[in-house]
Structures are given as C-alpha cells and as structure tokens.
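Presented below is the structure to which this report refers.
Throughout, a chain's letter reflects where its sequence line sits, starting with A, and its residues are numbered from 1. Quick note: numbers below take in every heavy atom, side chains included, and nothing from hydrogens, waters or symmetry partners.
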Amino acid sequence: MSNTRRQYPFNIIEKKWQDFWERREVFRAWNPGEKVPETHCFGLRHKQLPPKLYILDMFPYPSGAGLHVGHPEGYTATDILSRYKRARGFNVLHPIGWDAFGLPAEQFAIKTGRHPREATKENINNFKRQIRALGFSYDWSREVDTTDPGYYKWTQWIFLKLYNSWFNPETNKAEPIDTLEYPPDIGTEEQRRLYRDSKRLAYVSEAPVNWCPDLGTVLANEEVVNGKSEVGGFPVIRKPMRQWMLRITAYAERLLNDLELLDWTPSLKEMQRNWIGRSEGAEARFEIPGFSPGNPETPRDISVFTTRPDTLFGATYMVLAPEHRLVDELIPDAWPEGTPENWKGKEESATKTPRSAVEAYRQYAAARSDLERTELTREKTGVFTGAYAVNPVNDERVPIWIADYVLASYGTGAIMAVPAHDTRDLEFATEFGLPVRVVVQAPGDEDSTGFTGDGVNVNSGFLDGLPTPQAQAKITKWLEERGLGRKTVQYKLRDWLFSRQRYWGEPFPIVWKDGAHYPLSESELPLVPPALPDFKPTEEGEPPLARAVDWVNMPDGSRRETNTMPQWAGSCWYYLRYIDPRNDDEFCSNELERYWMRNLSPDATGGAGKTPTGDEKAGVDLYVGGTEHAVLHLLYARFWHKVLYDLGYVSTPEPFQRLVNQGLILGEDGQKMSKSRGNVINPDDVLAEYGADAFRLYEMFMGPLDMVKPWSTKGVEGVYRFLGRVWRLFIDPASQRTLDQGLTSAENAGTAVLEHVRLNKDIRDVEAGEPQLKALHSCIKKVTEDIEALRFNTAISALMVFVNEAMSWEVKPAGVLAEFLKLLNPFSPHIAEELYQKLSASTGENALEHCETVAYQPWPEWDEKYMVESIVELPVQVNGKLRDKITVQVDADKESIEKAALESERVRSFIDGKEIKKVIIVPNKVVNIAVSK
RNA sequence: GCGCGAGUGGCGGAAUUGGCAGACGCGCCAGACUUAGGAUCUGGUCUCGAAAGGGGUAGGGGUUCGAGUCCCCUCUCGCGCACCA
C-alpha cells in the first residue's frame, strides 16, 4: 500500500462504520404500517411516519471493468442529499440495484461458453463491493437485479399489459383490449383477431429494421447513431424482419406536453422535444390524371405533408420515397416525350424505361447504408418516374420523382417540392434543372430564392399579399373546404422496436400457433430462458433461443417466441420495484406506490390526500444520472409509466419529477477517460490511498455537479489534507502517536485500536463565544442552503473555512464542534460518525438518546442573530471606483454614513474641487459618490 | 447548418436580487519546527508600478451612480440534433 503515513486511520474507521450501518440496517426506509424496532434510531426519532422523499440514482450496468469514477459522482450527490434529508426528518427512500441484462455478458458467454448468469453474478458482486466501500446510505434490503426471475417476472407482466391494451384516441389513453370496438364490416373471429392485433400497444410488424450483422441483432432507431450501432460502432443496414414493436407514438403528444410538468433542465427537455419532433402543417392531395390502379383499395391521388402549405403555388415537382407504395402502380410504360436524359437515372442500361430506371435507383438507394446517406456526399440523387400529378391549387402538371432524401417513414412518404423556399428542394432542382418559382417575398433586400423564413406571398393567386401565417391559415382552410387536404401534426418519433435476437434478455411471454400469437397467462410467469450449450444465433440466423428445441416447441404444437426484450425493458420500471421489491403478488402494491410516489398514506404525517407542499408535483423527488440516457431510457420509462398510469397501476402521470445530469469527469489530461489513452482513474486505487471520505469529498469539490470537469490527483490530496485537519482538530496528538505505533506493529489492526484515540484536550464543554457562534452559524447557513441547491462544492468550501478558523481557537467548545460534525456527516460520514461517537461519549451531547449514529441527529438550525456584526466595513466608491473603506454601525442611518464617507481623507482627495452630483447608499453593501469629471 | 450551454489568475473553480472580482482548494514563493521533509504549522500569491496610482472577468459597443452579472454585435470551445418536408 502507500508508503506515506496516513493523515488519519480512515481504513479502520470506514470499515467499522460500514459494518455498523449494515448490521443495524441504519438506512432502511420504512413503509407505512411497518413496525420499526424500538432501538432503531428512526423509531427513536419518529413516533409517526414523516413525509417521504424518493432520491434515486440511475442504477448501473455491472460491467466487467468495475466501477469508474463517473458512477460515484452522481451517487455521492444523492447520498449527501439523502443523509441531509434524513437529518431534516424525512423518510428517505434511497435504493440501488443492477441493470444486468445486456450484450457484454452475452458476448463473454459466447467466447467462454460459460452461462452469462455467472459473469453477471461476479460483476454484480464486484460492483457491490466497490459501492459498499464508498459508504453510501442505500437501503440494501431493496436491492433489485433485472436478471432475477423474481424481477423480470414483472417486466414480462408489464409487457402483457402492453400487449393486452390499445390506445383509445377518443380518451387519449390506453385501455384494456376488451374495450376495443370493432367496425361493422369486421365479422369473422379471424378478422376480429387481426383487427385486435393491429391495435395492441405491443404489436408485430414486418417493416424494415436496423439490422446489425456484427452484433447479430436488430436495434431500435435510438440505438443507431450516424448509421452505426451505438454499442461498438458497427455498420447497420436496413432489412425487413418480423419484429415486436411498442406503440410509443400514440403517446407522442402526452410525452411532449407533460415535459412542462417536470423540473428538468431546459437542454434535457429540448433533447426530448427534438426526439419527439412535433411539427404542425397540412396534408395536401395531388391528383394523378389518368391513373387507374388495378387494386380498388389504392388511392388515386398522392398525399403530401408540408409545414409550409402557404408555398403550394411554388410546388414545381413532387418527390416520393423510393419505397413509397404507389410508385410501382403509377409508372407509365414509356418516358413522356421530351424527358431530359439526366432525369432518367445514371446507369445507361437501366434508363430505357421508367420502370427500369426506378428499379435501378431503388437498388442504388437500398445499397447505400444509412452511414453513407448521412456522412458522405449530401449530393441529391433521384429519378423521374415518368408520371405527373396536378397541383390542386393551380391545376399545373408537375413531374413525380423518387429520391432518397424523402423518407418513407416520415409523414406520408411524399413531398411537394418548393425549390424556391426549401434548401433541399433547391439543391435537387438545381441538379436536375427543375423550375424554381418564388412565391414568398423575403423582407428587406434579402434574396427571395432559397428564402425559408416568413415573408409575404407573391405569384400565389388568392394568397398574394398575405404574410406567411395568414397565408398558411387561408390555404389550409381552402384545402379543407374542397376536401383536398387538412391541417395535421407529424412526429419524428417512431414506434419502439422492442425485440432483440439475443439470449441474455427477458423472453417474451408469447407463443405462436398457425401464424397467430397468443399471450401466456400471468400465472405462467416468470418465463425463464432455457439453458443452452451455445449462446450464438443459429446458422439460419434465428435467435439463440431457437437452439433450445424442447423449450421452443410446446406439447400442443405451438412455438415460443424466440426473440428477447431489449436491455431498456428492465430499466423502464425499476424505480417502482424498489418501492415493493419482494412482492410476489404484485409488481408494486398500490398502497406503497401511493406513499412513496405521492406522499399519500393514512399513517403518514400530514394525513392522506395531500403532498407536503400541497401541489401536484409527484413521483421520484430527485433522479440523478448521466446525459447518455437523455432520450432512450428517460423516454421509454416515461412511456411505460404513462401506460401503467392509464391502466390504474400507478398514481402519477410522470415518474421523475426532478432530474439532474451529473457532468462527465475527464482524465487528468483533460481528455475523455479511456483505456487507450491510459488516463483512467480506478476508484479502488483512490480508495486505498485516500479513503472513501476523501474520495466522496473530492468528487463533490471538483466543481458544480452538472459540469464537465477534469480529475486531479492533487485535488484529492487537498481534500484529504482537509480531513486530516478535521481529525487533528478533534484528536489529541499524543494519543495519535500511540495509535500510529499500534498500527505499525499490526497493519490489519481491528477497530479496537481506535480506543486508544483520545479527544483533543482543547475541546471543553464550555459556552461558545461570539466569534465561535458566528463561524458555526455562517457555516450552518451556507452548508444548508448549498445542499438544498445541490451546490456541494461551495458547501465543502464553507466547511473548510470553519475548520481553518476553529483550528486557531485555544479552547474549542464541544457543542460547536458537535454541530460541525452533523454538517460534515453527509459529505464524509465515516469520519463524522467516528468523531461524533468520541465527542458524545465524552460530553454526553446526543440529542437523540440511545442513538449511536449521527445519521438521525436533527440537522442544525442557524440563527441570523449570531451572524450580524454590530460594526460593518463599508466600501466607498467615487464614480464606481473603490477609494476607501469606512466602518459604521450596522444600523447607521444614511445621513451619518454619507457624512462618514465624505469625511474620509482618501475620498476627499478624489472629490475635492468637484461637484457632488449624487450619493448612493446601499445599506450594508456600498457607498458610491458620483462627482463631475 | 439548426438548437442548447459555457468562456473569470499558472490550474479546478467562488461571487443570493446589478453593489469590495478572484472565496475554497491545487500549484508556486518565503518562513517555523525538524537528523530529515514528499508530514505539519505560519505568512504571501490577478497584473503593471518603488510608491501614489493604473489596468483587469473571450473581443467590441450599450444601459446604469455602479456590470463577471442586464441588452446588442463578433469570436472561441463543449454538447445535442442533423436531408424529418
């Protein structure tokens, strides 16, 4: 270990108190109706259940690499708040668990042939050891593990709720599938089944999906970044496959609107808004003259979505996505006369007919991966289909093109192109020589061609002269009146691709028979995955579960679903399971949910029916985690929560009332920590050298919680020295030397050696003097306010200021120091416990009798009266520049302050011979004398 | 390109509502104790200047008795989104 002498015996102290907290269940969160043992400090303090607070960390994925320094950043912040709020008298729910399904454990299993459960278990144990060593005040009796059958039983149960529900647009809510009404033309049971299956919140789709060959699985849109997998950065291609989808798009509006209810940062809300991507506009129908499709179901016109219906007069061509379903039907046999050569596509062989050109282009577009579409050339490509549509507003014939800059999955998969007022359309029109017609006059002398802002309509018939908003309203009304279109809203948000071709995930509680899917009954849960000799996908590309032939094929001839759920499933609802983690009959009892999420409970103070603040804010009171989950996890969890809310299983519309992202911690070189850079800080090393208290303190002292900041080993030493000073403030130097000798003779000495440590002789049970009370009360005030605002760095600085001053006191009043320890406790609880125990043993100061921990001692209150000085030093400025300082009585009147200021020698030298125009006096702040130049 | 956030000593960062810029920590300098110091304690540390005084919060302009803080313009960095019609 380290060869330098320790500042204080943190290794012994930390072990001692971690064992104590765990053995006594000090941080257990008590449920309504639960009997608190009489000797438990919570029971000693609270005769009635106090208001709750739910303070939550994003639970970690227990990777093989162990904890990194980013984890303890958020965890320390929530731990400080939890300990502080317990001292303030709240019943704090502060749990932890493991998000343990996932790809790394599975890939490890493929490599080694060992079951992923084994690696997962080892990793969890390692994480747990590391987290315990940091002394967080988690209620370990509520630990959850998403891979535990007792947990995923309920993940599967929630899936069945989704499966057995539909979204009723009338009520804007999810409802049980039995409430679905069938249209009159649906008669047979088979038709009813198909209709029902098409409405479920969990449904099967054959649409093209993001297939990642290297990972051997499909991915959700959210897991694909720039055409590569978010995990590993492997290429992703589009491939049609049968997949389970969750109908999150039904909730787009509510997910967007309810952001307003939340105390989240603006940037985080913005990210969610961007992802949901609401845009208002209009659909307009373009007729296709002479088009008579073979299929009577096929519409005879093409709908486009536009956010700028006011530019309809400027639509000079139309573009469909290459995959648009009408393309095949509307292609004519031959090119219209006079079709320019460059409209027919690039490949010579393919340009003979429109059909061959379209086919060639489709192949080209399909071959272009998403990566190429986004990262490489933005050059516009496309071909003319040979067909024409009619602009409804002026009966003009416009050519219909296909191009991959129009996406099949957004809007109607078709656009009207207005090159004069849309950047993309303009590029395309320039490439192919299509007409550009200005219909919006830009304000001022800006060029109207390519202008995309609001202006005034021109060349637009009955819209001429109207400013953009009015023109939009008028044309929309015009289209509606003629049945040619209507106002609509579109979202970027797509339904959530919910199945994965993996082994290490929750199996779907679904069986297939004769091409139809059926749910398992709740009593058959949990559905446990079978043991496998090999965790790879099958040679036929089927998921690994398909290898378990006996498991897949059921006696009655039906076949189990072989896909599994994505890793996000377990994390969508874990915060609810913490509330009631061992319940075998329900995912979470209604009564407990109402207490922990809404503060509603008959035996809680304040009574049922009201939150402590009386407002509607409810849910997890504080949720802390990294920005990497800004869209994925947080959107999915909100979605599940809303479904559970609609179905009556939870009582709040939103799960996480307040959310804070901790900032990234960089390496000492200011670069992102990574193995290849060799700048990774291992928490185990820091802990061994400086101890948990210093580690925690440093993580909070680095800077504001939500900012990106670099690690500094020197900085750790700084806070470590501070804790050494705290130790020396309390401990008698002679007894410290005895302890040191004891420790050198036995490095692994037990807690008994701490008995040799005596309190500093300067600490006496005496009345505190004025400066001492002032130092204490300023510290209480600063620390209290800063913790409330999550400004831990400045709170720590206030603790340092106090210690620096207290070191100089010849006699140190025990009462003052005891209060200080209560302030230090949330930050560095081990040393605070140890010193508090010593101090209270010697003085008997212990507000809660028989309580052996500082954790439940009431938080100190400050009194302003100790902080006000009778005499205050006031800066005097002349024309805003500091010239002198005067000392005045704190309640001096303005006249006497002005007099004192004007009498100052130094001030006079700056104002003599000048005209005094004004004297500004801000009480107890500043004096400013404005004089002529 | 669009959106969000941020630019303060050698470094991490302080500065409730506009009111003494640089708290606290690191680093550095000097001193004390010491066989020794990579322990501890004390003092100093924005900058130019001998001093008086001047300058100073990315740059420029403005509002104000007074601006790190408010307003306008410019620059730089970070994050997010990125053909979403």
If we take the C1' atom in both B:C26 and B:U17, what is their distance in whole Å? 32 Å
Under-4.0 Å side-chain N/O to phosphate OP1/OP2 contact, A:Arg721 with B:C26: yes
Run the salt-bridge test on A:Arg362 and A:Glu323 with the 4.0 Å N-O cut-off and return the result as yes or no. no
Nearest-Å distance once atom C1' is located in both B:U69 and B:U16: 12 Å
Surrounding CZ of A:Arg273 (heavy atoms of other residues, nucleotides or ligands, distance under 6.0 Å), is the total greater than 12? yes
Would you call A:Glu915 and A:Lys917 a salt bridge, taking side-chain N to carboxylate O under 4.0 Å as the test? no
State the pairing partner of B:U76; accept Watson-Crick or G-U wobble contacts with both distances under 3.5 Å, and report none otherwise. B:A6
For B:C75 versus B:G9, give the span between their C1' atoms, rounded off to a whole number of Å. 22 Å
May I ask you to verify if any side-chain N or O of A:Arg725 is less than 4.0 angstrom from the OP1 or OP2 atom of B:G25? yes
Can you tell me if A:Lys709 touches the phosphate of B:G12, counting only side-chain N or O atoms and a distance under 4.0 Å to OP1 or OP2? no
Between A:Val631 and A:Lys492, which residue's closest nucleotide on RNA chain B lies nearer the 5′ terminus? A:Val631
If I take atom OH in residue A:Tyr720 and atom C1' in nucleotide B:A39, what distance separates them, rounded to the nearest angstrom? 11 Å
Ignoring backbone atoms, test whether A:Thr423 places a side-chain nitrogen or oxygen under 4.0 Å from the OP1 or OP2 oxygen of B:G1. no
Write down the distance separating the C1' atoms in B:A82 and B:C28, rounded off to the nearest Å. 47 Å
If the C1' atom of B:U47 is compared with that of B:U34, how far apart are they to the nearest Å? 37 Å
Strictly below 4.0 Å, N to O, side chains only: are A:Glu431 and A:Lys380 in salt-bridge contact? no
Would you mind reading off the distance between A:Lys714 atom NZ and B:C24 atom P, rounded to a whole angstrom? 20 Å
Any chance the rings of A:Tyr364 and A:Tyr361 have centres within less than 6.0 Å? yes
What about A:Lys380: does its side chain form a donor-acceptor pair under 3.5 Å with the base of B:C83? yes
P atom, B:U8 versus B:G13: distance in rounded Å? 9 Å
Value in whole Å for how far the P atom of B:G5 lies from CH2 of A:Trp264: 17 Å
Nearest nucleotide by nearest heavy atom, which residue falls closer to the 5' end of RNA chain B, A:Asn804 or A:Pro710? A:Pro710
Is any side-chain N of the basic residue among A:Glu699 and A:Arg696 closer than 4.0 Å to the acidic one's carboxylate O? no
If the threshold is 4.0 Å, N to carboxylate O, is there a salt bridge linking A:Glu253 and A:Arg278? yes
Separation of B:A85 C1' from A:Phe286 CZ (nearest whole Å): 12 Å
For B:A30, what is the paired nucleotide under Watson-Crick or G-U wobble rules, both distances under 3.5 Å? B:U42
Base, sugar-phosphate, or nothing for A:Ser797, non-hydrogen atoms under 4.0 angstrom? base
Would you mind calling B:G78 syn or anti? Take O4'-C1'-N9-C4 for purines or O4'-C1'-N1-C2 for pyrimidines, and syn is within 90° of 0. anti
Could you state the atom-to-atom distance from CG of A:Leu697 to P of B:C26 in whole Å? 12 Å
What is the base-pairing partner of B:A67, counting Watson-Crick and G-U wobble geometry with both distances under 3.5 Å? none
Given B:U40, is OP1 or OP2 found less than 4.0 Å from the side-chain N or O atoms of A:Gln7? yes
How far, in whole Å, is B:C11 from B:U57 if one measures between their P atoms? 16 Å
Pairing nucleotide - B:C81, Watson-Crick or G-U, each distance under 3.5 Å: B:G1
Gap between atoms CE and C1', on A:Met800 and B:C26 respectively (whole Å): 10 Å
Nucleotide by nucleotide, 5' to 3', does protein get under 4.0 Å of the base (B), only the sugar-phosphate (S), or neither (-) in nucleotides 49-71 of chain B, counting heavy atoms? ----SSS---------BS-----
Integer-rounded Å distance: B:G78 P and A:Glu628 CD: 19 Å
Is it the case that A:Arg6 places NZ or CZ above or below the six-membered ring of A:Phe10, under 6.0 angstrom from the centre and within 45 degrees of the axis? yes
If I pick the P atom on B:U42 and the same atom on B:U76, what distance separates them, to the nearest angstrom? 47 Å
Let me know the distance between CH2 of A:Trp275 and P of B:C79, rounded to the nearest Å. 18 Å
Is it the case that atom CD in A:Glu260 sees more than 12 heavy atoms from other parts of the structure closer than 6.0 Å? no
Students often get this wrong, so: under 4.0 angstrom with heavy atoms, is A:Ser712 touching a base, only sugar-phosphate, or nothing? nothing
Aromatic ring pairing A:Tyr636/A:Trp496, orientation class (parallel under 30°, perpendicular over 60°, tilted between): parallel
